[in-house]
Novice: 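Here it is: the structure, laid out below.
The structure displayed is predicted, hence computed values, not measured ones.
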Amino acid sequence: MAYFNGVQYAVNATVVANPGRRENGWVIEIHYLDDQGASRNVILRVTDSTVMRDASGNRVSCSSFTAGQRVNASFTDTMSPTAPPIARAYSITRQGTGGGIVGIDIDL
């Protein structure tokens, strides 16, 4: 977990639930550890500008993510006051099954 210019990065996060469709778009809930090692959940709001990739770097759809998958994600540091909070996702990258970390890609 790191911060840079208003963007949060969660590395090796876990998808908590299968993506859901809401009135204003798709959402994916992830679980990650923050800078202090505390467990956090956040619901990532996926928009048309969210970059979603598989471990090979190919673009994928939101519905291709499933519970239990490991992902790297970048999202706004401003979140809703709900539990769990909701943040806008910039990128979500699925990690490979080989256990390596692929990296985070941001299109701003």
Novice: Checking the side chain of Ser74 only, and the main-chain atoms of Ser91 only, is there a donor and an acceptor separated by less than 3.5 Å?
Specialist: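 Yes; judged by distance alone, with no hydrogens or angles, the pair exists.
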Novice: If you define the side chain from C-beta out and look only at heavy atoms, does anything of Val42 sit under 4.5 Å from Pro84?
Specialist: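 Result no, sub-4.5 Å side-chain heavy-atom pair not found.
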Novice: Please find the pair of heavy atoms, one from Phe65 and one from Asn18, that lie closest to each other, and give the distance.
Specialist: O-OD1, 4.4 Å
Novice: Shortest non-hydrogen contact from Val71 to Val15?
Specialist: CG1-CG2, 3.8 Å
Novice: Treating Asn72 as the side-chain partner and Asn12 as the backbone partner, does any N or O pair qualify as donor plus acceptor under 3.5 Å?
Specialist: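 Here the side-chain-to-backbone pair exists.
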Novice: Listed by chain and number, what are the side chain to side chain donor-acceptor pair (under 3.5 Å) partners of Ser63, not counting sequence neighbours?
Specialist: Ser61
Novice: Check whether any side-chain heavy atom of Met52 lies under 4.5 Å from a side-chain heavy atom of Cys62, and answer yes or no.
Specialist: yes
Novice: Work out which heavy atom in Ser80 is nearest to a heavy atom in Pro85; give both atom names and the distance.
Specialist: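 Closest heavy-atom pair between Ser80 and Pro85: O-CB, 3.4 Å.
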Novice: Other members of the hydrophobic cluster containing Val16, with the 4.5 Å side-chain heavy-atom rule, please.
Specialist: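 Once heavy-atom contacts under 4.5 Å are chained together, Val16 still belongs with nothing else.
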Novice: Which residues satisfy the side-chain contact (heavy atoms from CB on, under 4.5 Å) test with Asn58, sequence neighbours excluded?
Specialist: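 Residues passing side-chain contact (heavy atoms from CB on, under 4.5 Å) with Asn58: Asp54, Ser56.
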Novice: How many angstroms lie between CG in Asn41 and NE2 in His31, if you round to the nearest 0.5 Å?
Specialist: 6.0 Å
Novice: With sequence neighbours excluded, what pairs up with Ala38 under the side-chain contact (heavy atoms from CB on, under 4.5 Å) test?
Specialist: Asp34, Arg40
Novice: To the nearest 0.5 angstrom, please state how far the OH atom of Tyr90 sits from the OH atom of Tyr9.
Specialist: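 Answer for the OH-OH pair, Tyr90 versus Tyr9, is 9.0 Å.
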Novice: Has Arg94 got a side-chain atom pairing as donor or acceptor with Val60's backbone, closer than 3.5 angstrom?
Specialist: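 No: the side chain of Arg94 does not pair with the backbone of Val60.
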Novice: To check you understand the geometry: which heavy-atom pair defines the closest contact between Val51 and Arg53, and what is its length?
Specialist: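 For Val51 and Arg53, the tightest heavy-atom pair comes out as CG1-NE, 3.4 Å.
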Novice: Can you name the residues that form a side-chain contact (heavy atoms from CB on, under 4.5 Å) with Ala89, not counting sequence neighbours?
Specialist: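 Counting only residues at least two positions away or on another chain, Ala89 forms a side-chain contact (heavy atoms from CB on, under 4.5 Å) with Leu44, Thr50, Ile92.
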Novice: Going by the side chain to side chain contact (heavy atoms under 4.5 Å, CB included) test, name the single residue among Thr93, Thr14, Val11, Ile30 that passes it with Arg70.
Specialist: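 With Arg70 as partner, Thr93, Thr14, Val11, Ile30 yield a single side chain to side chain contact (heavy atoms under 4.5 Å, CB included), made by Thr14.
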Novice: For Arg45, give me all partners under side-chain contact (heavy atoms from CB on, under 4.5 Å), at least two apart in sequence or on another chain.
Specialist: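 So Arg45 forms a side-chain contact (heavy atoms from CB on, under 4.5 Å) with Asn24, Thr47, Ile86, Arg88.
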